[in-house]
Amino acid sequence: MFALQLPPFDANIVWHKGSPRIFDILRKRYVSLTPEEWVRQHFVHFLITSRGYPRALMANEVSIIAGITSRRCDTVVHAADGRPLAVVEYKAPGVPLNEKVLAQVWSYNCALKVPCVMISNGMSHHCFRLVYEKAMACPLDNIPYYADLVSL
């Protein structure tokens, strides 16, 4: 694949029927290696190894009902008590992170009501604290450590 603006990790990649597959440590299975999946796997490893996020409290491809629509969140981070703390939306490296992407991840909060959303295309990463009373997404300077995320 290609270099991202995330720390490298020891990716477990195999070929199946002529297509690459990468092992997802959260889903505990091999999945198709698309550009977006490459970003997801790098970002998940970054959260675990560099920001102290517990692997057991994270899930990829989480199905939710947002209003009357069934949606799938790329990654959801939970607190120890099970409440959702953050939703992460990934895009392929060539996809710009714009208001449309932020609106997509914001829409998941009809069901989740997380205090934090993150977006990444592997080249740039943004994190926002959600202020529901004002319908605002306030940018944070960095991707928070898990201990800081819990206190948001």
Side-chain angles (χ1 to χ4, degrees), residues 1-16 19-66 71-98 101-132 137-152:
M1 277 273 155
F2 32 83
L4 301 174
Q5 294 298 314
L6 288 163
F9 72 101
D10 190 19
N12 185 352
I13 299 172
V14 299
W15 285 83
H16 179 73
S19 297
R21 298 176 66 79
I22 188 167
F23 189 76
D24 181 332
I25 62 170
L26 300 184
R27 289 179 273 185
K28 297 181 176 120
R29 63 182 174 91
Y30 285 93
V31 297
S32 293
L33 181 52
T34 63
E36 183 178 309
E37 193 62 45
W38 186 241
V39 172
R40 180 192 338 264
Q41 294 306 315
H42 274 79
F43 202 85
V44 164
H45 280 84
F46 163 74
L47 291 176
I48 293 168
T49 61
S50 298
R51 294 294 189 257
Y53 285 53
R55 182 186 334 188
L57 297 177
M58 299 171 65
N60 282 338
E61 296 291 323
V62 177
S63 293
I64 63 166
I65 302 295
R71 308 288 305 266
R72 193 172 1 213
C73 303
D74 286 341
T75 300
V76 178
V77 179
H78 294 89
D81 64 8
R83 71 189 152 87
L85 294 175
V87 175
V88 188
E89 178 66 26
Y90 307 105
K91 297 297 179 190
V95 177
L97 299 178
N98 54 27
V101 175
L102 190 55
Q104 178 185 359
V105 73
W106 178 272
S107 72
Y108 299 148
N109 287 301
C110 294
L112 296 175
K113 301 288 188 222
V114 294
C116 182
V117 297
M118 300 176 214
I119 56 177
S120 176
N121 64 7
M123 304 311 282
S124 63
H125 330 286
H126 303 283
C127 184
F128 300 87
R129 166 90 194 256
L130 302 181
V131 182
Y132 290 96
C138 302
L140 300 178
D141 291 335
N142 296 299
I143 303 298
Y145 287 87
Y146 183 78
D148 296 328
L149 178 65
V150 171
S151 65
L152 286 180

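Since this is a predicted model, take the numbers as computed values, not measurements.
Between Leu112 and Cys73 the shortest side-chain heavy-atom distance falls below 4.5 Å. Counting heavy atoms from C-beta on, the side chains of His78 and Pro84 come closer than 4.5 Å. Using a 4.5 Å cut-off on side-chain heavy atoms (C-beta onward), Leu152 and Leu85 make no contact. Between Gln41 and Leu33 the shortest side-chain heavy-atom distance does not fall below 4.5 Å.
The side-chain hydrogen bond (donor to acceptor under 3.5 Å, both in side chains) check on Glu36 picks up nothing, with sequence neighbours excluded.
Aromatic ring centres of Phe43 and His125: separated by under 6.0 Å.
Below 30°, between 30° and 60°, or above 60°: for Trp38 and His42 the angle between ring planes is above 60°, a perpendicular geometry.
When every heavy atom of Arg21 is checked against every heavy atom of Ser32, the shortest pair comes out as NH1-OG, 3.5 Å. Closest approach of Pro35 to Phe2, counting heavy atoms only: CB-CZ, 3.8 Å. Across Leu57 and Ala79, no two heavy atoms sit closer than the pair CD2-O, 3.8 Å.
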Item to check | Chi angles and distances behind the salt bridge (charged side-chain N to carboxylate O under 4.0 Å, His left out) call for Glu61, Arg29 | outcome: CA-CA 13 Å; Glu61 296 291 323; Arg29 63 182 174 91; over 6 Å; no

Checklist entry - Should Thr75 and Asn60 be marked as a side chain to side chain contact (heavy atoms under 4.5 Å, CB included) after you check the CA-CA gap, both sets of side-chain angles, and the distance that decides it? => result CA-CA 4 Å; Thr75 300; Asn60 282 338; 2.6 Å; yes

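At distances below 3.5 Å, not a single donor-acceptor pair connects side-chain atoms of Asp148 with backbone N or O atoms of Ser151. Although no hydrogens or angles enter the test, the distance criterion places a donor-acceptor pair under 3.5 Å between the side chain of Asp74 and the main chain of Tyr90. With Asn121 contributing its side chain and Val95 its backbone, the two residues share a donor-acceptor pair below 3.5 Å. No side-chain donor-acceptor contact under 3.5 Å links Tyr30 to the backbone of Trp15.
If you take CD1 on Ile25 and CZ on Arg27, they are separated by 11.5 Å, rounding to the nearest 0.5 Å. Rounding to the nearest 0.5 Å gives a distance of 7.0 Å between CD1 of Ile143 and OH of Tyr53.
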